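Structure record follows, encoded as structure tokens.
Here the structure is a predicted model, which is why all the values come from computation and not from measurement.
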Amino acid sequence: MAAVAQCVRGALRPRYPLLSFSLRTSPRLLCVATQQKNTGQNLEEDQSQSQNEQKVEPSSAEKMLTEEKAKLEEQLKEVTDKYKRALADAENVRQRSQKLVEEAKLYGIQSFCKDLLEVADVLEKATESVPKEEIKDENPHLKSLYEGLVMTEVQIQKVFKKHGLLRLNPVGAKFDPYEHEALFHAPMEGKEPGTIALVSKIGYKLHGRTLRPALVGVVKDA
């Protein structure tokens, strides 16, 4: 211990004569200095440990923020998907509603047209029932009546056509169950099987939709 004190005094004598003198007079100062040095080292270690803890704490906070960010992004994705689905559903509803409105405009007169078809059938039968040989100048009343019936029938067909109602007179055409209703099947010479040989009642279509099928006779194999 004396040797250590002597070395310390020798080192400090050129610059710090007072400290050297103090060390000569009180050897305990060396222990105090050593304790202070150790205390300083301990403080430095504590500060270093505190800094390390502070470095760890931000890492934990960053981890929490990252997890929270991931949750928020997932929630945003779910909300966006729901929003897109809601938009698609709304667009589908709008298109269906628009289609229903358009169909209502086109086919709203369907029942009215069916009632008028009976009137057209009566006019057609009336003109067909007049003997063609009797339509001459010697029978002016019959001739005028016939011409009036023909003009009325022509006019009503024009009105039908204006509103999308068209006649179906499928003589010689292929049988179509969506447009025709077969009353009978019979073999006929010179006729192709499956074709329509006779139309008993004229059919009608409203804007491409069959309003009343034509009543027909269909040719079958002999």
Side-chain angles (χ1 to χ4, degrees), residues 83-222:
Y83 174 70
K84 290 181 179 179
R85 285 196 295 268
L87 284 180
D89 292 339
E91 180 64 18
N92 291 334
V93 171
R94 187 191 68 79
Q95 291 180 358
R96 286 197 296 268
S97 300
Q98 184 177 359
K99 185 178 180 181
L100 291 174
V101 170
E102 292 176 354
E103 289 182 351
K105 291 179 180 179
L106 290 176
Y107 305 108
I109 60 173
Q110 182 170 320
S111 58
F112 178 68
C113 290
K114 283 185 177 180
D115 294 336
L116 286 180
L117 294 183
E118 300 298 329
V119 178
D121 291 340
V122 172
L123 285 173
E124 185 178 1
K125 288 180 180 179
T127 54
E128 289 177 353
S129 64
V130 177
K132 300 300 185 292
E133 63 274 8
E134 297 295 331
I135 303 172
K136 51 188 178 180
D137 294 337
E138 286 78 6
N139 295 322
H141 298 293
L142 180 61
K143 183 178 180 181
S144 297
L145 178 62
Y146 176 78
E147 290 176 352
L149 291 173
V150 171
M151 290 177 62
T152 303
E153 185 179 6
V154 171
Q155 188 62 32
I156 198 172
Q157 291 298 328
K158 286 182 179 179
V159 173
F160 286 171
K161 186 176 182 180
K162 179 181 178 180
H163 293 280
L165 189 61
L166 301 177
R167 285 163 54 98
L168 290 176
N169 189 6
V171 175
K174 282 285 187 180
F175 177 77
D176 186 351
Y178 295 102
E179 296 181 356
H180 314 136
E181 182 178 345
L183 297 177
F184 62 88
H185 293 78
M188 294 185 182
E189 293 183 2
K191 301 288 185 180
E192 183 181 354
T195 58
I196 296 172
L198 177 66
V199 177
S200 176
K201 194 172 186 179
I202 297 294
Y204 284 88
K205 295 179 73 173
L206 179 62
H207 294 292
R209 178 187 293 181
T210 302
L211 183 63
R212 187 183 76 182
L215 303 181
V216 299
V218 183
V219 180
K220 72 173 183 178
D221 294 329

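Residues meeting the side-chain contact (heavy atoms from CB on, under 4.5 Å) test with Lys161, sequence neighbours left out: Leu166. Considering only residues two or more places apart in sequence or on other chains, Thr152 meets the side-chain contact (heavy atoms from CB on, under 4.5 Å) condition with Leu123. Every side-chain contact (heavy atoms from CB on, under 4.5 Å) that Ala182 has, sequence neighbours left out, goes to Phe175, His185, Val218.
Of the possible donor and acceptor atoms, one in the side chain of Ser129 sits under 3.5 Å from a partner among the backbone N and O of Ala126. Using modelled atom types, one side-chain atom of Asn92 and one backbone atom of Ala88 make a donor-acceptor pair closer than 3.5 Å. Proximity of a side-chain donor or acceptor of Ser200 to a complementary backbone N or O of Leu215 within less than 3.5 Å is not detected.
Here the NZ atom belonging to Lys220 is positioned 11.0 Å from the CE atom belonging to Met188, to the nearest 0.5 angstrom. Taking CD1 from Ile156 and CG from Leu165, the interatomic distance works out to 9.5 Å, rounded to the nearest 0.5 Å. For the atom pair CD (Glu134) and CG (Asn139), the distance works out to 5.5 Å, reported to the nearest 0.5 Å. Here the straight-line distance linking atom CG of Leu211 with atom CG of Leu117 works out to 5.5 Å at 0.5 Å rounding. Distance check, rounded to the nearest 0.5 Å: CG of Leu149 to CD of Glu128 gives 11.5 Å. Going from atom CG of Leu142 over to atom CG of Asp137 covers 12.0 Å, rounded to the nearest 0.5 Å.
Using modelled atom types and a 3.5 Å distance limit, the side chains of Gln157 and Glu153 yield no donor-acceptor pair.
You'll find the side chain of Gln95 reaches within 4.5 Å of the side chain of Glu91, heavy atoms only. Between His180 and Pro213 there is no side-chain heavy-atom pair separated by less than 4.5 Å.
Residue pairs meeting the ring pair (Phe, Tyr, Trp, His ring centres under 6.0 Å) criterion with at least one partner in residues 144-173, sequence neighbours excluded, are Phe160-Tyr204. Every pair passing salt bridge (charged side-chain N to carboxylate O under 4.0 Å, His left out) that includes a residue from residues 173-190 is listed here, sequence neighbours excluded: Lys174-Glu192, Glu179-Lys205.
Listed here is the closest heavy atom pair of Val199 and Pro170: CG2-CD, 3.7 Å. Summarising the geometry of Ala214 relative to Gly203, their closest heavy-atom pair is CB-N, 3.6 Å, with the distance given to 0.1 Å. Taking both residues in full, the closest heavy atoms of Ala197 and Val219 are given as CB-CG2, 3.6 Å, listed atom of the first, atom of the second, then distance.
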Could you pull out every donor-acceptor pair under 3.5 Å between side chains of residues 98-111 and any protein atom, sequence neighbours left out?
unit_1, atom_1, unit_2, atom_2, d
Gln98, OE1, Arg94, NH1, 3.2
Tyr107, OH, His207, O, 3.3

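Heavy atoms of other residues, nucleotides or ligands lying less than 6.0 angstrom from NZ of Lys158 number 12 at most.
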